[in-house]
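Structure record follows, encoded as structure tokens.
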Amino acid sequence: MEIKKFSFEIHGDKQGELVSLEEMKNIPFPIRRVYYIYRTEAGVVRGKHAHKSLEQVLICIHGSCRLKLDNGRGETEVLLLDRPNEGIYIANDMWREMFDFSPDAVLMVLASEYYDESDYIRNYQDFLNYVRKE
Ligand code: T46
């Protein structure tokens, strides 16, 4: 399974580090929404859904968490997100689960669309059927 990983340039100097994210430059879509997930309790698994059209880039800007991706075609991969200058691109038709959050984890997500519950596929069997029809 091919996963797009971005390594963002760090503009470091004597003051510390800075990473800049710009739509259609180092982020491959217009950014309509930014949200972040933090203070996730130990043992919690978030996500457990896919999207019909949303594209996103996930960046764990503090702490760490793991991301499991499943393309519905028998391929899965688990990634460790623990660097504020690394992003994982997730296209629409990908089942995702986020887990193993460190207590200080802040997972920031850049999204190509506004929040729309009708874009979610929250049932795994529905996701498999959706992928097969594509
Ligand atoms: C995704 C993964 C990586 C909003 O009101 N606006 C928003 O923009 C979002 C993302 C969520 N919400 C509400 C909907 C729920 O009542 O916040 C609550 C928690 O959302 P959800 O359970 O969908 O959160 P996660 O962490 O399971 O999934 C989120 C995104 O929803 C999803 O698109 O790909 O992060």
Side-chain angles (χ1 to χ4, degrees):
M1 179 162 63
E2 201 185 314
I3 292 168
K4 270 194 205 161
K5 295 180 192 172
F6 298 130
S7 196
F8 302 116
E9 188 179 346
I10 301 172
H11 304 277
D13 59 21
K14 280 185 287 184
Q15 307 173 97
E17 316 288 21
L18 185 154
V19 171
S20 168
L21 307 170
E22 298 180 297
E23 63 179 16
M24 308 311 290
K25 289 190 176 176
N26 55 1
I27 299 298
F29 49 75
I31 302 166
R32 291 239 164 76
R33 180 164 52 106
V34 177
Y35 60 91
Y36 40 91
I37 293 164
Y38 61 103
R39 256 196 252 151
T40 304
E41 300 279 331
V44 166
V45 181
R46 302 193 63 118
K48 295 189 276 185
H49 59 253
H51 282 279
K52 293 175 195 160
S53 64
L54 190 71
E55 295 173 81
Q56 302 193 105
V57 171
L58 276 63
I59 307 165
C60 195
I61 55 172
H62 196 261
S64 65
C65 67
R66 285 180 206 280
L67 172 68
K68 181 179 176 189
L69 296 175
D70 176 342
N71 67 5
R73 297 179 170 88
E75 292 176 301
T76 61
E77 192 152 333
V78 176
L79 303 150
L80 175 66
L81 279 61
D82 63 351
R83 291 184 187 180
N85 69 315
E86 278 187 9
I88 304 295
Y89 170 80
I90 311 185
N92 53 339
D93 52 358
M94 191 71 83
W95 189 264
R96 79 280 322 260
E97 295 179 7
M98 301 89 76
F99 55 98
D100 271 1
F101 285 84
S102 62
D104 58 348
V106 181
L107 178 62
M108 185 177 78
V109 183
L110 310 180
S112 64
E113 298 295 341
Y114 300 115
Y115 176 67
D116 175 9
E117 185 58 37
S118 71
D119 189 64
Y120 284 72
I121 306 171
R122 291 197 182 269
N123 176 282
Y124 189 68
Q125 189 56 50
D126 291 347
F127 165 65
L128 294 180
N129 296 341
Y130 183 83
V131 168
R132 267 180 218 137
K133 272 191 225 144
E134 275 191 325

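As the structure lists them, so they are numbered: ligands from 1, and atoms in each ligand from 1.
- Atom 16 (O) of ligand 1 has Tyr115 OH, 5.0 Å as its closest protein atom, hydrogens excluded (heavy atom only).
- Scanning the protein for heavy atoms near atom 10 (C) of ligand 1, the closest one is Arg33 NH1, 3.4 Å.
- Of the candidates Glu113, Arg46, Arg122, Arg122 brings a heavy atom nearest to atom 23 (O) of ligand 1.
- Protein heavy atoms are absent from the 4.0 Å sphere centred on atom 18 (C) of ligand 1.
- Residue, atom and distance of the protein heavy atom nearest to atom 30 (C) of ligand 1 are Tyr35 OH, 3.1 Å.
- The proximity of His51 to ligand 1, defined as any non-hydrogen pair under 4.0 Å, is limited to the side chain.
- Those atoms of ligand 1 with a heavy atom of Ile37 less than 4.0 angstrom away are 26 (O), 35 (O).
- Under 4.0 angstrom from ligand 1, there are no non-hydrogen atoms of Glu117.
- Residue-ligand proximity, Gly47 to ligand 1, at heavy-atom distances under 4.0 Å covers atoms 25 (P), 27 (O).
- Nearest protein heavy-atom contact of atom 28 (O) of ligand 1 is His49 CE1, 3.2 Å.
- Contact of the Leu21 side chain with the Met108 side chain is registered, since non-hydrogen atoms from C-beta on lie closer than 4.5 Å.
- If you number the atoms of ligand 1 from 1 as listed, the ones under 4.0 Å from a heavy atom of Met98 come out as 2 (C), 3 (C), 26 (O), 35 (O).
- Shown in contact with Arg96 at under 4.0 Å from a heavy atom are these atoms of ligand 1, numbered in order with element: 1 (C), 34 (O).
- For the pair Tyr35 and Gln56, the minimum side-chain heavy-atom distance is below 4.5 Å.
- Note that CG of Asp93 and CG of Asp70 are 11.0 Å apart. Values are rounded to the nearest 0.5 Å.
- Ligand 1 lies less than 4.0 angstrom from a heavy atom belonging to Tyr120.
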